[in-house]
Amino acid sequence: MKLLSAQQIHEWDAYTIEHEAVASIELMERAAGKCTDFIIDKNLLQNSFKIFCGKGNNGGDGLAIARQLINARSSVTVYILEFGARGTDDFQINLSRLHELTTNIHFLQSSEFFPAIDKKDIVIDALFGSGLNRQLKDLSADIVNYINQFDALTISIDVPSGMFIDKSSKNNPVVKSNYTLTFQSLKLCFLVAENAEYFGEVKVLDIGLHSEFLDTIQSSFQLTSSSAIRQIYQPRKLFAHKGNFGHALLVAGNKRKTGAAILAAKACLRSGAGLVTLNIPEPFLNAVHAAIPEAMCQLREHEIQLSNISALGIGPGIGTEESSAKLLSHILENFKKPTVLDADALNIISQHTDWVHKINSSSIITPHPKEFERLFSKSNDDFERIHLALELSKKYLFVIILKGHYTLIAVNGEGWFNTTGNAGMAKGGTGDVLTGILTALLAQQYLPKDAALLGVYLHGLAADIALQQQSPETMLASDIIENLGGAFYELITINR
């Protein structure tokens with residue numbers, strides 16, 4: 001699913017109006033109806049509603065919702081920001097319709113007329129929508145800050161007022177919502193951590209916009225979908241043998257971090273690599289053999305063996321001392337097959353910035369935001385970091401996996417946001433598991449882009465399956481490994 005800019009969202013409405021012979025006021029009624037249905041489904045009709053509207057089409061949505069709630073016998077009071085200008089045509093039509101039902105409509109010209117908001121009230125924020133392109137100021141900012149003072153349940157229509165769709169709203173006045181009812185598709189603003197305290201729980205409401213519009217536009221960003229992932233997945237053939245699925249080498253673990261090596265190797269084996277060899281220091285050999293009898297081992301004290309290796313993963317728990325740096329340098333110089341670089345491998349490269357140019361184009365790097373900043377440069381906000389990742393993916397050609405709740409996979413100037421996973425993954429060891437998964441997929445000759453998309457999706461899906469037995473607090477990285485079978489099985493059963 002493509003992620004759209006504010007302009008493209010406006011164009012989607014226009015395209016639907018043109019190709020379905022539906023009037024814009026009817027489309028507004030349809031959108032308002034979906035919001036009212038949500039309120040009904042939440043059993044909220046018995047509450048009193050305070051609906052705050054601007055004079056644009058977002059405000060028109062709010063007026064239509066007010067009318068529908070009144071018809072459902074709810075107590076509704078409407079407050080309209082008044083700047084002396086006429087509203088949009090659809091706003092004016094809905095205002096006229098609302099006047100036929102109620103006189104409980106108030107125009108706010110200064111902050112002294114802001115209403116009291118009771119804890120039991122439900123606030124509906126329909127002040128400013130997805131077309132907003134500048135920071136709220138004066139009375140507009142005052143009403144947003146005023147609403148945020150109260151504990152009333154707040155529902156924002158399409159987007160919390162004050163929030164930009166496709167650029168940072170950092171330090172701007174933005175309504176803090178419990179629910180955001182957005183229309184037709186997710187927006188980029190809902191995928192970044194810096195906005196999380198404002199949008200609450202996001203509900204995407206299908207208002208029937210014309211699906212063919214998406215074929216007419218280009219977008220730098222997409223959401224991964226289960227259907228797209230299933231197209232990438234390659235089921236095993238009946239007469240396959242271990243030689244068909246590659247030999248993965250993992251360079252992982254060091255003092256006090258043997259667990260990182262074990263997690264990566266287990267995940268690699270569970271993700272289908274035909275053979276897995278773990279490069280580790282000799283003192284940890286027995287621990288590894290006891291934990292993973294299926295894995296072979298190389299001793300780090302000896303010269304690393306790269307022959308007959310299909311793909312290599314390096315970084316989890318190796319440390320950043322000189323010996324690890326020399327080993328990484330040797331691999332970057334001599335191993336030109338698919339490689340996953342994670343954790344300490346990235347920290348070492350950040351200390352030798354010219355080494356970035358040694359990463360071959362069939363590689364995948366997996367930084368979290370802090371590692372990304374150490375590698376490249378500090379960003380002022382999440383949006384700047386996302387766009388930088390896209391630009392770097394064009395410059396260097398390797399795949400960048402920028403980890404987060406909606407992990408970004410950046411490839412050749414395009415970005416995919418992953419749609420699986422949960423807060424239980426915010427725990428040590430989950431990154432080591434991802435390294436093992438990705439290395440296994442590369443060893444099986446998945447293209448780096450496909451390995452990244454599939455690997456990140458499976459990683460999150462396994463965590464989602466694990467959450468059926470665990471809570472976000474109790475989930476462990478090893479639970480993700482144990483549920484990789486269920487994640488693969490979901491793909492296998494659909495593909496049959």
For the atom pair [atom1] ([X]) and [atom2] ([Y]), what is the distance rounded to the nearest 0.5 Å?
X      : Y      : atom1 : atom2 : answer
Ser168 : Asp381 : OG    : CG    : 3.5 Å
Ile165 : Met163 : CD1   : CE    : 8.5 Å
Leu442 : Ser271 : CG    : OG    : 11.0 Å

Closest approach of [X] and [Y], non-hydrogen atoms and distance?
X      : Y      : answer
Leu438 : Gly455 : CD2-CA, 4.0 Å
Pro160 : Val174 : CB-CG1, 3.9 Å
Leu390 : Ala410 : CD1-CB, 4.0 Å
Phe49  : Leu44  : CZ-O, 3.4 Å
Thr439 : Thr435 : OG1-O, 2.7 Å
Ile25  : Arg97  : CG1-NH1, 3.9 Å

So, do [X] and [Y] have ring centers that fall under 6.0 Å from each other?
X      : Y      : value
His357 : Tyr396 : yes
Phe114 : Tyr79  : no
His387 : Phe221 : yes

### Query
Can a cation-pi geometry be assigned to Lys167 and Phe164, taking NZ or CZ under 6.0 Å from the six-membered ring centre and within 45° of the ring axis?
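Lys167 over Phe164 ring: yes.
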### Query
Under 30°, 30 to 60°, or over 60°: which ring-plane class applies to Trp355 and His352, parallel, tilted or perpendicular?
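Plane angle under 30°, so parallel.
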### Task
Show your working on salt bridge (Lys or Arg N to Asp or Glu O under 4.0 Å) between Lys378 and Glu384 and close with a plain yes or no.
CA-CA 9 Å; Lys378 187 174 178 60; Glu384 187 175 296; over 6 Å; no
#### Entry: Derivation of the side-chain hydrogen bond (donor to acceptor under 3.5 Å, both in side chains) call for Asp142 and Ser111
CA-CA 7 Å; Asp142 290 344; Ser111 58; 4.9 Å; no
### Message
Atom NE2 of residue position His10 - does it have more than 12 heavy atoms of other residues, nucleotides or ligands inside 6.0 Å?
### Response
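Result for NE2/His10: open.
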### Query
Are more than 12 heavy atoms from other residues, nucleotides or ligands located less than 6.0 Å from atom CD of Gln469?
no
#### Entry: Steps toward side-chain hydrogen bond (donor to acceptor under 3.5 Å, both in side chains) verdict (Asn418, Thr420)
CA-CA 6 Å; Asn418 186 58; Thr420 58; 2.9 Å; yes
### Query
Which is it for Lys50 and Asp121 under the salt bridge (Lys or Arg N to Asp or Glu O under 4.0 Å) test, yes or no, and what are the steps along the way?
CA-CA 7 Å; Lys50 287 185 165 62; Asp121 289 332; 2.9 Å; yes
### Query
Partners of Ser471 by side chain to side chain contact (heavy atoms under 4.5 Å, CB included), sequence neighbours excluded?
Glu473, Thr474
Without hydrogens or angle criteria, can the side chains of [X] and [Y] be said to hold a donor-acceptor pair below 3.5 Å?
X      : Y      : result
Asp158 : Thr182 : yes
Thr320 : Gln351 : no
Ser156 : Asp125 : yes
Ser393 : Asn412 : no
Glu414 : Gln222 : no
Asn360 : Ser363 : yes
Glu201 : Asn178 : no

### Message
I'd like to know if Lys176 pairs up with Asp151 as an ion pair, taking the criterion as any Lys NZ or Arg NE/NH1/NH2 lying under 4.0 Å from an Asp or Glu carboxylate oxygen.
### Response
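So Lys176 does not pair with Asp151 through a salt bridge.
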### Query
Given Phe417, which of Ile409, Val456, Val192, Leu188 fulfils the side chain to side chain contact (heavy atoms under 4.5 Å, CB included) condition?
Leu188
### Query
For Asp37 and Lys34, what are the C-alpha separation, side-chain angles and deciding distance, and is it a salt bridge (Lys or Arg N to Asp or Glu O under 4.0 Å)?
CA-CA 5 Å; Asp37 288 345; Lys34 291 289 186 177; 5.4 Å; no
### Message
Apply salt bridge (Lys or Arg N to Asp or Glu O under 4.0 Å) to residues Arg385 and Glu373 and explain how you reach the verdict.
### Response
CA-CA 8 Å; Arg385 187 180 302 111; Glu373 287 187 356; 3.0 Å; yes
